[in-house]
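What follows is a short report on a single structure.
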Amino acid sequence: MRNLCKVTLEDLKYAFDKIDYWYKKNIKFLTVITVPFNTSCVFSKIISKVSQNNGNVLYVWGKEGENKELVNITREMYSDITHSYVVKEISNAKLTFTHYNNLMKIKQNYDLVIFDDITYFSNLSNVNIREMLEMCSNIGERVLLYSIEKTTLVGEKFELAAYNYKKPFVEPRVLTTRIDLNSDIPFSLYDYLKWFRENSHKVAIYVPNKEKLDMVYDYFCNKLKLSNVKVIKVSGNDDIKKSEKVSKYKDKAIFIITNKIEELLEYCYMDDAVVLFADNERYTYKKLLYICGQIRNVNLKLPEVLLVSNDISEDIEKAKNMARDFNKKVWEKRLIEL
């Protein structure tokens with residue numbers, strides 16, 4: 001497959017066979033449960049099969065534009081496939097992409113609808129996904145959901161390990177403290193920060209909103225005063241792009257403090273992540289899991305993700321348990337030894 005996909009054909013075969021087996025049966029829904037930021041290549045064979053049988057496929061996800069990885073591998077398997085991105089117009093392509101916000105505008109019917117909630121930083125709640133799956137079922141003969149968990153009571157499901165399963169999924173460390181995080185940090189976090197500095201790490205320090213961003217940035221610059229560390233505040237996409245070059249410096253520790261949780265790692269390489277005020281309501285279990293998945297996807301070594309809070313919220317607990325469960329299932333299948 002000429003390295004169009006990071007995944008070997010052997011690793012993809014399990015997903016290929018499970019999806020193909022489901023498609024042969026008269027069952028409308030299938031949920032493929034996996035880790036955040038797993039590969040989209042698992043759908044290449046079923047897309048090729050539907051297309052070769054003169055069917056059409058709608059691929060729904062959270063980005064504007066086509067999934068280039070999926071287009072490339074699918075064209076390698078079936079060179080005649082056509083593809084396009086639509087907002088509301090009719091598509092004559094075999095493979096059509098659209099953003100999930102456009103679902104209500106889609107009037108055309110499809111043989112297969114794939115709803116991808118994995119290959120990007122998703123902010124959709126289970127309620128949102130169920131509502132969108134209803135729309136998918138109205139326009140699709142068959143519906144396939146790619147998700148971290150099953151959100152519908154109907155249909156079949158199977159679990160899929162990450163393609164790079166030899167590297168464990170990041171299980172976040174929780175640092176609880178009685179200290180007011182608006183004005184100080186615990187010694188346990190300070191020790192981690194010193195270690196990050198000594199090893200010239202690039203660290204994303206996430207805060208839940210703009211108010212906390214200004215407060216934490218002021219603290220790191222004027223009170224903490226860690227020497228030999230470059231501290232950067234990122235509050236917008238322009239700041240992120242400016243930080244992209246800085247994050248490539250090899251011999252200096254860089255701490256990027258930001259409230260742009262979803263966007264930062266699309267542009268900047270980071271070694272580790274610190275989530276301050278992790279018990280804030282903005283940090284759902286899903287968002288915490290996607291932070292772990294995204295930095296695992298960026299850092300080839302095993303990164304640290306630290307959740308710093310005054311309390312352990314239900315979302316923190318659930319994120320920890322789900323991350324541990326991802327690794328446990330891999331262990332049980334004897335794919336790796338931890």
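In what follows, residues are counted from 1 in the order of the sequence shown. Every heavy atom of this structure was used, including side-chain atoms; hydrogens, water molecules and symmetry mates were not.
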Might you point out which heavy atoms bring [X] and [Y] nearest each other, and give the distance in Å?
{"X": "Cys292", "Y": "Val305", "value": "SG-CG1, 4.0 Å"}
{"X": "Ile261", "Y": "Phe121", "value": "CG2-CZ, 3.8 Å"}
{"X": "Ile295", "Y": "Pro303", "value": "CG2-CG, 3.8 Å"}
{"X": "Cys41", "Y": "Ser44", "value": "O-OG, 2.7 Å"}
{"X": "Val42", "Y": "Ile19", "value": "O-CD1, 3.6 Å"}
{"X": "Pro186", "Y": "Thr177", "value": "CB-OG1, 3.7 Å"}

Side chain proximity check, [X] to [Y], heavy atoms < 4.5 angstrom:
{"X": "Ile316", "Y": "Val174", "result": "yes"}
{"X": "Tyr190", "Y": "Leu224", "result": "yes"}
{"X": "Ile118", "Y": "Tyr290", "result": "yes"}
{"X": "Ile47", "Y": "Ile81", "result": "yes"}
{"X": "Leu307", "Y": "Leu175", "result": "no"}
{"X": "Val308", "Y": "Leu181", "result": "yes"}
{"X": "Asp315", "Y": "Tyr283", "result": "no"}
{"X": "Val32", "Y": "Lys157", "result": "no"}

Flag for [Y]-[X]: side-chain donor and acceptor within less than 3.5 Å:
{"X": "Tyr285", "Y": "Glu149", "answer": "yes"}
{"X": "Asn126", "Y": "Thr151", "answer": "no"}
{"X": "Thr31", "Y": "Ser147", "answer": "no"}
{"X": "Lys286", "Y": "Asn123", "answer": "no"}
{"X": "Ser200", "Y": "Asp251", "answer": "no"}
{"X": "Glu171", "Y": "Asn327", "answer": "yes"}

Taking the side chain from [X] and the backbone from [Y], do they hold a donor-acceptor pair closer than 3.5 Å?
{"X": "Ser84", "Y": "Ser91", "result": "no"}
{"X": "Lys94", "Y": "Val50", "result": "no"}
{"X": "Tyr120", "Y": "Asp116", "result": "yes"}
{"X": "Thr74", "Y": "Val71", "result": "no"}
{"X": "Asn56", "Y": "Leu95", "result": "no"}
{"X": "Asn297", "Y": "Gly293", "result": "no"}
{"X": "Lys18", "Y": "Lys13", "result": "no"}
{"X": "Glu156", "Y": "Trp22", "result": "no"}
{"X": "Lys28", "Y": "Ser137", "result": "yes"}
{"X": "Asp184", "Y": "Asp180", "result": "no"}

From [X] atom [atom1] to [Y] atom [atom2], the distance as rounded to the nearest 0.5 Å:
{"X": "Ile139", "Y": "Ile106", "atom1": "CD1", "atom2": "CD1", "value": "6.0 Å"}
{"X": "Leu306", "Y": "Leu189", "atom1": "CG", "atom2": "CG", "value": "6.5 Å"}
{"X": "Ile312", "Y": "Ser309", "atom1": "CD1", "atom2": "OG", "value": "6.5 Å"}
{"X": "Ile33", "Y": "Leu160", "atom1": "CD1", "atom2": "CG", "value": "10.5 Å"}
{"X": "Lys150", "Y": "Leu145", "atom1": "NZ", "atom2": "CG", "value": "10.0 Å"}
{"X": "Ile27", "Y": "Tyr21", "atom1": "CD1", "atom2": "OH", "value": "8.0 Å"}

Handout entry: Axial cation check for Phe169 ring with Arg296, 6.0 Å and 45° limits
Key = no
Practice task
Give the intermediate values and the outcome of side-chain hydrogen bond (donor to acceptor under 3.5 Å, both in side chains) for residues Ser40 and Asn67.
Solution key: CA-CA 8 Å; Ser40 61; Asn67 183 324; 3.2 Å; yes
Exercise for the section: Give the intermediate values and the outcome of salt bridge (Lys or Arg N to Asp or Glu O under 4.0 Å) for residues Lys105 and Glu89. Expected result: CA-CA 8 Å; Lys105 305 172 188 175; Glu89 62 269 23; over 6 Å; no
Fill in the blank from the handout: So the ring-ring contact (aromatic ring centres under 6.0 Å, His included) pairs with at least one residue in residues 295-315 (sequence neighbours excluded) are none
Handout entry: Pairs touching residues 75-115 that satisfy ring-ring contact (aromatic ring centres under 6.0 Å, His included), sequence neighbours left out
Key = Tyr59-Phe97
Is the number of heavy atoms from other residues, nucleotides or ligands within 6.0 Å of [atom1] ([X]) greater than 12?
{"X": "Glu64", "atom1": "CD", "result": "yes"}
{"X": "Lys49", "atom1": "NZ", "result": "yes"}
{"X": "Arg173", "atom1": "CZ", "result": "no"}
{"X": "Arg197", "atom1": "CZ", "result": "yes"}
{"X": "Lys301", "atom1": "NZ", "result": "no"}

Fill in the blank from the handout: Residues at least two apart in sequence or cross-chain that pass salt bridge (Lys or Arg N to Asp or Glu O under 4.0 Å) with Lys194, listed by chain then number, are Asp191
Under 3.5 Å donor-acceptor pairs involving side-chain atoms of residues 272-282, not counting sequence neighbours:
residue: Asp272; atom: OD1; partner: Glu304; partner atom: N; Å: 2.8
residue: Asp272; atom: OD2; partner: His201; partner atom: ND1; Å: 2.5
residue: Asp279; atom: OD2; partner: Asp311; partner atom: N; Å: 3.2
residue: Asn280; atom: OD1; partner: Arg282; partner atom: N; Å: 2.8
residue: Arg282; atom: NH1; partner: Pro208; partner atom: O; Å: 2.8
residue: Arg282; atom: NH1; partner: Asn259; partner atom: O; Å: 3.1

Problem - Partner of Lys202 under side-chain contact (heavy atoms from CB on, under 4.5 Å), chosen from Val298, Asn299, Asp271 - result: Asp271
Handout entry: Same apolar cluster (I L V M F W Y, side chains within < 4.5 Å links), Ile114/Met132
Key = yes
Side chains of residues 225-235: which donor-acceptor partners sit under 3.5 Å, not counting sequence neighbours?
residue: Lys233; atom: NZ; partner: Asp214; partner atom: OD1; Å: 3.2
residue: Ser235; atom: OG; partner: Asp239; partner atom: OD2; Å: 3.2

Fill in the blank from the handout: Taken in chain and number order and not counting sequence neighbours, the residues that satisfy side-chain hydrogen bond (donor to acceptor under 3.5 Å, both in side chains) with Asn53 are none
Should [X] and [Y] count as an ion pair when the cut-off is N to O under 4.0 Å?
{"X": "Lys320", "Y": "Glu317", "answer": "no"}
{"X": "Asp20", "Y": "Lys45", "answer": "no"}
{"X": "Lys318", "Y": "Asp325", "answer": "no"}

